[in-house]
Amino acid sequence: MPAREGIYSMSQVQSVAEHEMAELIVTSLNLEGVDPASIEPEAPLFGTGLGLDSIDALELALEISKRYGVQLRSDDEDNRQIFASLRSLATYVHTHRPA
Amino acid sequence: MSTCLEVRVSGVGFWAPRLPDWQTACAVLAGRAEPEAVARSRPAPALLAPTERRRAPDTVSIALEAASRACEAAGVDPVSLPSVFACTHGDGAINDYLCGTLASNPLLCSPTRFHNSVHNAAAGYWTIGTGCVKPSTALTAGSETFAAGLLEAIVQALADETPVLYVAYDAAMPGPVGEVSPSAGMIASALVVEPLKGDGPGVRPAGVGRCLRARVAPGAQAMPEASVSPGSIPHAWFAALPANSMRQCLPLLAFLASDAEGRMQMQLNQGCVLEVDIEEVTTHG
């Protein structure tokens with residue numbers, strides 16, 4: 001298990017929030033053989049990197065809605081940025097969680 | 001008198017949790033082996049890319065396993081084969097999930113499961129995995145699904161003068177629908193059928209190189225499962241298979257596995273049966 005830093009981090013080590021998001025990604029997308037701790041925080045989630053696609057984005061949005069109550073809309077202009085990496089996704093979710 | 005439709009069975013594939021391939025099924029049928037003691041979980045569909053593989057539900061996994069093995073046995077490239085996929089219920093687990101979610105919170109419906117819910121999901125994964133662009137058909141006909149799919153595959157093979165892959169499979173039916181339309185466990189079978197050519201009898205793997213002469217005939221009663229099969233079938237063969245809707249395929253497969261010749265009937269729809277003579281392939285002309 002990597003050393004954890006604070007909720008948000010600029011390092012290559014997963015924060016607590018990022019690790020939680022990594023576990024959600026692996027579980028909800030059935031990523032066989034992928035260790036959540038191995039997902040690099042700033043690596044691309046889609047295309048290269050984990051190789052996720054648009055159906056995965058929809059599935060992730062659904063799981064995030066159920067888990068965190070954060071709605072990720074398919075027509076959001078910022079989706080490319082929000083879903084860019086584990087770090088960007090975790091940051092977006094944790095700054096938009098209902099109080 | 002209806003037309004007699006003649007095809008050769010050039011490959012067979014089979015998968016069930018305790019009879020995980022056709023060779024095992026044949027050996028158990030012949031009394032040479034026992035079914036596997038421990039039921040296997042679903043096979044991993046090796047022909048799929050990782051993205052499709054992790055999304056494929058049980059129905060797709062077992063259908064693709066049987067289909068792949070049948071093509072191997074026939075020695076044909078899946079890319080060249082039109083296909084017919086027959087499944088009584090479609091994916092009951094997904095339908096149960098969708099119904100429950102739509103009833104409780106329709107906005108939380110999984111897009112992955114939704115896109116896997118269509119009846120031609122297995123046909124779609126198969127054509128994606130193999131790169132096949134030949135026609136594919138997905139059908140159901142309730143308790144007559146296997147016979148209807150077999151007739152469709154035979155007609156396509158003869159009409160288009162091409163080998164055709166026929167895949168028949170069912171998984172379990174959970175939830176309220178399963179109470180009125182039950183199915184347990186998993187069974188998948190697959191045949192490659194091709195127009196009869198001048199093949200002679202000879203040494204061949206079990207079930208390969210048999211001729212099916214099929215016709216649609218008036219009739220209301222198909223023979224029950226256990227009585228249509230030739231000779232003495234070990235109890236273990238039927239007992240090793242779950243109470244699954246695709247037990248419909250077992251009588252024909254028992255014929256193919258046992259090397260016996262004979263005639264069987266399968267209910268096709270109200271008032272009709274599919275009558276099939278199973279024979280050795282003989283040289284024509």
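Below, chains carry the letters A, B, ... as their sequence lines are ordered, and counting in each starts from 1. Excluded from the calculations below are hydrogen atoms, water molecules and symmetry mates; all remaining heavy atoms, backbone and side chain alike, are included.
Annotation: side chain to side chain donor-acceptor pair (under 3.5 Å) contacts of S83(B) (sequence neighbours excluded): none.
For E40(A), the CD atom sits in a loose shell: 12 or fewer heavy atoms of surrounding residues, nucleotides or ligands are nearer than 6.0 Å. Applying the 6.0 Å contact sphere to CZ of F114(B) captures no more than 12 heavy atoms from other residues, nucleotides or ligands.
Nearest approach of P111(B) to E59(A), heavy atoms of both residues: CD-OE1, 3.3 Å.
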When the side chains of residues 94-102 of chain B are checked against the rest of the protein, which donor-acceptor pairs come out under 3.5 Å, sequence neighbours left out?
unit_1  : atom_1 : unit_2  : atom_2 : d
N95(B)  : ND2    : D91(B)  : O      : 3.4
Y97(B)  : OH     : L108(B) : O      : 3.4
Y97(B)  : OH     : S110(B) : N      : 2.9
T101(B) : OG1    : Y97(B)  : O      : 2.8

Side-chain donor-acceptor contacts of residues 66-79 of chain B below 3.5 Å, not counting sequence neighbours, with atom names and distances?
unit_1 : atom_1 : unit_2 : atom_2 : d
S68(B) : OG     : L64(B) : O      : 2.8
R69(B) : NE     : E72(B) : OE1    : 3.2
R69(B) : NE     : E72(B) : OE2    : 3.4
R69(B) : NH1    : E65(B) : OE1    : 3.1
R69(B) : NH1    : E65(B) : OE2    : 2.7
R69(B) : NH2    : E72(B) : OE2    : 2.8
D77(B) : OD1    : V79(B) : N      : 3.0

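Considering only heavy-atom pairs separated by less than 4.5 Å from chain B, the leading option among D56(A), L52(A), L29(A), L31(A) is D56(A). The residue among E32(A), E63(A), K66(A) with the most heavy atom pairs within less than 4.5 Å of chain B is K66(A).
Within the model, atoms CG of D53(A) and CZ of R55(B) stand 4.0 Å from one another, a figure rounded to the nearest 0.5 Å.
Heavy-atom neighbours of chain A within the stretch residues 173-189 of chain B, taken at a separation under 4.5 angstrom, are nonexistent.
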